[in-house]
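What you see is a predicted model, and the numbers here were worked out from it, not measured in a lab. Throughout, a chain's letter reflects where its sequence line sits, starting with A, and its residues are numbered from 1.
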Amino acid sequence: MKVAINGEDVELADGLTVTALLVVQKVKWADMVSVEINGEILNRATFDATVVKPGDKIEFLYFMGGGAVASCL
Amino acid sequence: MSLTESQIERYSRHIILSDVGGKGQEKLLAGKVLLVGAGGLGCPSGLYLAAAGVGTIGLMDGDVVDLSNLQRQIAHTTADIGTPKVESAAAKFRAINPDVNLRLYRDRLTADNALSILRDYDFVIDGTDNFAAKFLVADACHFAGKPYSHAGILRFEGQAITVVPGQSVCYRCLFIKPPPQNAVPSCSQAGVLGVLAGVIGTLQATEALKYLLGVGDLLTNRLLTYDAKKMNFRTINLKRNPQCPLCGAHPTITALRDEEQPVCDLKAGRP
C-alpha cells in the first residue's frame, strides 16, 4: 500500500503498526520522534495499537536542540 | 514617538515598505524581544533585530564564549573567547545600532526566574541548546501568555514554529515531554552545519518582526522544516492536541518547573 511519509510517497506492507513502521523506516531513535497521522498527533501509548492505512499522510516530527542532540555544545 | 532625521535615514528601507512605514518602524522601536540564548540561533536573530531597530532586546545566557562556538555563533569573534556571551553579543548589537536598549541577563532561564523576566517582553526567541531549556521556554511563555518562536537545528536540518499561547499549537502539543535520557543519541551523532543557525535564527527574527508589526501570517499551527542537503523547506500543518499536558482540555502541568537535562559532555569524550 501507498502512504506519504514526510511528504514523500512510500510503499509499505499492509497491516503495519506505527511501532513497526518506525522500525521499517529505520528511525534510529524512536523516542526522539513524534508521529502525526492525517493531521493528528498520536499518543505514544497507541503506537503499538495504531495500524497504518493506505493513503495515510504520516509525519515524523523530530526533537531538535540547538546544534546538539543533547547538551553537547 | 516620532522618528529623528537620522532614524528616518537608517530605517528608510523599512519605511518605504507599505506594510511597515513610519508607523511600523515606531512599533519596532517600541518593541521588546527576549533572546533566550546568545548562541547559534540567538546571534543571527539578535543581529538582525538590532539592525531592524527593535527598541529593547533582552539577552539571556549564562555561558562564556568558547572556541568551539565560533563555527556558528556569528556575533562572537576569536577575541571574545572567555567573555560572557551576553556581553560579547551585546557589543556587536550596540555597534550595529546604538538606538537599541540592551538588557543583559548573565544567567540561565530557570523555573524561578522565568516569569519575572518574561513579563517585560512582547515576544520571546528560543535560542536554547537543550531540551530541558526548550520545554522551560515553552512552559514559561504559556504561563506568561507570551508568544514565542521555537527552533532547533541538527546536522543538516532545522525547524521552527511560532506559538501564540492559548491560540495555537504549542511545543508540548507536539512533544509531550523531553525524550528519556537513554533515548538521546550520543555526541558522535550530533553536530550541525554552522550556517543552519543563520538560516533558522533569521527565520525566528522574521517572526518577531512580523509579530511586532502585525503583518502577515505567523508560523503558527505549522512546523517549518528545512533540509539543507535537499535544499527543501516544508511546512507540516498541525492541530492543537486536546491531550496536551500544558494547553489541552485537562492540563497536568499547572505550574512552572525545571525538566531534567540529559548530560552529554563532548570534551570529556562521553557517552
Side-chain angles (χ1 to χ4, degrees), chain A residues 1-12 16-73, chain B residues 37 39-42 63 66 68-69 71-73 126-134 151-155 157-159 169 173-176 178-187 189-192 194 196-197 223 225 232 234 236-241 243-244 261-266 271:
Chain A
M1 65 174 182
K2 261 190 192 158
V3 299
I5 299 179
N6 289 22
E8 291 182 9
D9 289 339
V10 176
E11 189 69 37
L12 291 179
L16 283 180
T17 65
V18 171
T19 303
L21 176 68
L22 289 165
V23 174
V24 168
Q25 290 296 301
K26 300 190 173 73
V27 173
K28 277 187 187 163
W29 302 291
D31 285 332
M32 301 290 289
V33 177
S34 278
V35 178
E36 185 202 62
I37 299 187
N38 303 328
E40 309 280 349
I41 298 284
L42 284 193
N43 182 334
R44 303 198 81 79
T46 67
F47 281 13
D48 285 340
T50 305
V51 175
V52 178
K53 299 185 299 299
D56 275 352
K57 289 186 170 38
I58 301 162
E59 300 282 351
F60 295 148
L61 310 175
Y62 290 87
F63 271 110
M64 280 188 200
V69 176
S71 57
C72 299
L73 291 188
Chain B
L41 298 166
D63 291 341
D66 184 86
S68 67
N69 300 150
Q71 159 261 18
R72 67 198 174 287
Q73 301 185 14
D126 173 7
T128 61
D129 63 4
N130 65 79
F131 300 123
K134 289 191 180 300
I153 51 175
L154 179 62
R155 295 186 286 265
E157 292 170 37
Q159 62 189 23
V169 165
C173 288
L174 309 186
F175 303 110
I176 306 293
Q181 300 208 12
N182 61 8
V184 176
S186 70
C187 290
Q189 274 89 30
V192 65
L196 263 291
L223 181 72
T225 65
N232 189 27
R234 290 184 70 225
I236 301 165
N237 290 325
L238 301 163
K239 281 190 260 183
R240 284 180 75 180
N241 182 349
Q243 295 173 47
C244 175
Q261 172 57 30
V263 175
C264 170
D265 187 342
L266 193 60

For the atom pair [atom1] ([X]) and [atom2] ([Y]), what is the distance rounded to the nearest 0.5 Å?
X	Y	atom1	atom2	answer
A:Arg44	B:Ile176	CZ	CD1	9.0 Å
B:Gln243	A:Leu42	CD	CG	10.0 Å
B:Thr225	A:Met64	OG1	CE	7.5 Å
A:Tyr62	B:Glu157	OH	CD	8.0 Å
A:Glu40	B:Leu238	CD	CG	10.5 Å

At a heavy-atom separation under 4.5 Å, does [X] approach chain A through its side chain, its backbone, both, or neither?
X	answer
B:Cys173	backbone
B:Leu223	side chain
B:Asn237	backbone
B:Gln159	both

With respect to chain A, which residue among B:Leu174, B:Asp63, B:Asn241 yields the maximal number of heavy-atom pairs within a distance under 4.5 Å?
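That would be B:Leu174.
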
Locate the shortest heavy-atom distance separating A:Ser34 from B:Phe175; write the atom from each residue and the value.
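The answer is OG-CD2, 3.3 Å.
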
So for A:Asn43, is it side chain, backbone, both, or neither that comes closer than 4.5 Å to the heavy atoms of chain B?
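The side chain, not the backbone.
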
